[in-house]
Protein chains: 2
Amino acid sequence: MALEHAILVSLTERAGSGYELARRFDRSIGYFWPATHQQIYRVLRRMHDAGWVRHTEIAQDGRPDKKVYRVSAAGKAELARWLAEPEDPAVLRDGLGVKLRGASLGDPGVVLTEVERHRAEHAGRLAVYRGIQRRDFPEPATLHGRDLHQHLVLRGGIRAEESFVDWCDEVIDALRKDLS
Amino acid sequence: MALEHAILVSLTERAGSGYELARRFDRSIGYFWPATHQQIYRVLRRMHDAGWVRHTEIAQDGRPDKKVYRVSAAGKAELARWLAEPEDPAVLRDGLGVKLRGASLGDPGVVLTEVERHRAEHAGRLAVYRGIQRRDFPEPATLHGRDLHQHLVLRGGIRAEESFVDWCDEVIDALRKDLS
DNA sequence: AGGTGCACTGCAACGCGTTGCATAGGTAGC
DNA sequence: GCTACCTATGCAACGCGTTGCAGTGCACCT
């Protein structure tokens with residue numbers, strides 16, 4: 001998996017400029033593959049050199065010109081190739097786990113506060129995802145094709161955040177009991 | 001969060017060589033912060049230069065010499081400092097989500113197979129974690145301090161893998177229905 | 001009049017993570 | 001006897017991700 005392919009997916013759905021792509025990554029697709037505008041500009045250039053995308057310069061008044069990118073036939077072929085290729089399952093990677101594991105080497109009370117903070121952050125994300133679900137997928141049972149796939153991805157985000165929040169609650173509860 | 005701190009936690013629990021650390025990262029702590037021996041050797045050197053660890057060379061017969069590392073006072077101070085510092089909540093990052101989102105741009109049947117493969121991988125990890133739980137923490141209710149923290153981290157891994165497997169089942173079910 | 005924020009592109013530098021390779025003796029299986 | 005894997009350390013190179021910075025012009029608030 002590379003950022004290239006996430007961009008190809010997003011650009012195939014809708015053409016757009018680097019800036020617009022960065023905004024999209026801040027919402028939807030970036031919930032599962034975050035990227036900054038720097039990465040996106042750099043990769044778009046590379047993809048252009050490889051012939052996977054084409055751009056048309058669009059002059060705007062009151063705003064800087066923008067380059068709207070579109071996926072070429074070669075880009076579509078590359079996307080199909082990548083989709084058929086096996087992908088390495090992702091690994092967990094969360095510094096909070098390391099902190100918790102080392103809690104007794106510092107102040108466990110501070111680590112407890114930290115877990116509470118993370119819980120709040122993840123609960124916030126969960127609320128955002130649920131909001132999107134209510135707004136964009138009010139009737140999940142009727143979905144097919146692309147809409148179904150998008151909804152399933154969102155479901156993945158919801159499940160991951162739910163389970164993280166539940167874990168935080170378990171940790172908070174256990175740490176409080178241990179500290180008292 | 002940096003690899004330095006994960007190593008400090010591991011080395012404080014028990015001194016060890018770079019190679020031994022790499023083995024530990026393959027098990028326990030690496031389930032939440034993976035690292036290869038290359039990273040570990042490189043970072044150990046940096047930590048040594050910074051005075052966070054000291055090593056003693058140990059000659060062995062039939063085997064290469066090894067350097068056993070120990071955390072210095074400065075290293076313990078750095079660990080305490082980092083533990084008290086707030087940590088950015090981790091973000092989800094899984095190429096499978098991108099693939100699912102783009103499934104209709106390729107062959108959705110192949111993506112379904114891919115989800116089944118990932119499910120098997122995560123179910124395997126889950127089984128490993130549950131095995132560790134049964135073996136090392138048969139009576140979770142009695143735990144305190146360091147053991148409690150370790151068990152809670154393991155619980156996090158179990159919850160994450162459980163929820164991922166459940167999500168895969170939801171996706172597999174939905175994709176099958178949509179394809180038939 | 002000044003500050004902040006948004007839209008839009010981009011460069012430069014650094015560090016983390018990955019991959020391939022090298023060395024070297026010991027053990028185990030075919 | 002050959003292959004393969006384990007212990008043990010390390011170099012070199014590449015690419016991805018992050019951070020800081022730069023420039024331009026409009027809109028909005030104070």
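Convention: sequence-line order gives letters A, B, ...; per-chain numbering from 1.
Distance, B:D49 CG to D:dG10 P: 12 Å, rounded to whole Å. Note: CD1 (B:I40) to C1' (D:dC11) measures 17 Å, nearest angstrom. Between the CZ atom of B:F25 and the C1' atom of C:dT18 there is a distance of 16 Å, given to the nearest Å. If you measure from atom CZ of A:R93 to atom P of D:dC16, you get 16 Å, rounded to the nearest angstrom. In this entry the distance linking CD1 of B:I58 with P of D:dT7 reads 17 Å, nearest Å. Atom CG in B:D26 sits about 11 Å away from atom P in D:dT7, given to the nearest Å.
Not counting sequence neighbours, B:Y19 has no partner by the ring-ring contact (aromatic ring centres under 6.0 Å, His included) test.
Although no hydrogens or angles enter the test, the distance criterion places a donor-acceptor pair under 3.5 Å between the side chain of B:W167 and the main chain of A:L152. In this structure, A:R101 contributes its side chain and B:H149 its backbone to no donor-acceptor pair below 3.5 Å.
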Can you build the contact string for nucleotides 5-15 of chain C? Use B for base contact, S for sugar-phosphate-only contact, and - for no protein heavy atom under 4.0 Å.
--BBBBB-B--
Is there a salt bridge (charged side-chain N to carboxylate O under 4.0 Å, His left out) between A:D49 and A:R45? Walk through the geometry before answering.
CA-CA 6 Å; A:D49 292 347; A:R45 170 173 299 257; 5.9 Å; no
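With salt bridges taken as basic N to acidic carboxylate O contacts below 4.0 Å, one links A:R46 and A:E4. Between B:E78 and B:R81 there is a salt bridge, with a side-chain nitrogen of the basic residue lying less than 4.0 Å from a carboxylate oxygen of the acidic one. Salt bridge A:E114/A:R119: absent, no basic N to carboxylate O contact under 4.0 Å.
Shown here is A:R54, whose CZ atom has no more than 12 heavy atoms of other residues, nucleotides or ligands within 6.0 Å.
Axis angle across the helix from C:dA1-D:dT30 to C:dC30-D:dG1, with five pairs used at each end and values rounded to 10°: 30°.
OP1 or OP2 of D:dG17 sits under 4.0 Å from a side-chain N or O of A:Q39.
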